[in-house]
Amino acid sequence: MNKKLKTNATDHLFDAVLCLKSKEECYTFFEDLCTVNELLSLSQRFEVASMLRAQKTYLEIAEKTGASTATISRVNRSLNYGNDGYELVMERMREKQSEEDA
């Protein structure tokens, strides 16, 4: 964990996110918290990460998401050398989907 990120304010924000109980609540909160462009950028990065994990090429990802090669490269670097945050969330999403399919 990046020590520069760990602040009381960040803890407070994450506690707030962890209180959300539905996708609708997420929309309500994040629409108030972020600008439209900030939220679209965050969702684009997550989509890029998902596509990189699915072995899609940079060209395929750029065409589908509109992300620049610089953004795709930055996300790829996080996937390969980051704190495994993307992996944690993607694994939990796979588990949830498996439970729902069963």
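- Annotation: side chain to side chain donor-acceptor pair (under 3.5 Å) contacts involving residues 62-71, sequence neighbours excluded, comprise Ser68-Thr71.
- Glu25 is not listed as a side-chain neighbour of Phe29, based on a closest heavy-atom distance of 4.5 Å or more.
- In this structure, CG on Leu13 lies 9.5 Å from CG on Leu18, to the nearest 0.5 angstrom.
- Here Tyr81 is tied to no hydrophobic group at all, with no ILVMFWY side chain closer than 4.5 Å.
- Within 6.0 Å of CG in Asn8 there are 12 or fewer heavy atoms belonging to other residues, nucleotides or ligands.
- Comment: Glu91 engages Arg94 in a salt bridge, judged by a side-chain N to carboxylate O separation of less than 4.0 angstrom.
- In the hydrophobic clustering (ILVMFWY side chains linked at under 4.5 Å, chained through shared members), Leu88 stands by itself.
- Partners of Asp32 according to the side-chain hydrogen bond (donor to acceptor under 3.5 Å, both in side chains) rule, which considers only residues two or more places apart in sequence or in another chain, do not exist here.
- A donor-acceptor pair is defined here as one N or O able to donate and one able to accept, closer than 3.5 Å; no such pair exists between the side chain of Glu38 and the backbone of Cys34.
- Note that OG of Ser50 and CD of Glu47 are 5.5 Å apart. Values are rounded to the nearest 0.5 Å.
- The line from CD of Gln44 to CG of Asn37 is 10.5 Å long, rounded to the nearest 0.5 Å.
- Under the rule for a salt bridge (Lys or Arg N to Asp or Glu O under 4.0 Å), Asp84 has no partner lying at least two apart in sequence or in another chain.
- In this structure, Leu39 is not a member of the same hydrophobic cluster as Tyr27, with clusters built from ILVMFWY side-chain heavy atoms closer than 4.5 Å.
- Although no hydrogens or angles enter the test, the distance criterion places no donor-acceptor pair under 3.5 Å between the side chain of Thr10 and the main chain of Lys6.
- With a 4.5 Å cut-off between side-chain heavy atoms of Ile, Leu, Val, Met, Phe, Trp and Tyr, the cluster of Ile72 takes in Phe46, Val48, Met51, Leu52, Tyr58, Ile61, Val75, Leu79, Tyr86, Val89, Met90, Met93.
- A side-chain donor-acceptor contact under 3.5 Å links Glu60 to the backbone of Thr57.
- In this structure, Leu33 is not a member of the same hydrophobic cluster as Leu42, with clusters built from ILVMFWY side-chain heavy atoms closer than 4.5 Å.
- Using a 4.5 Å heavy-atom cutoff, the side chains of Asp11 and Thr7 are not in contact.
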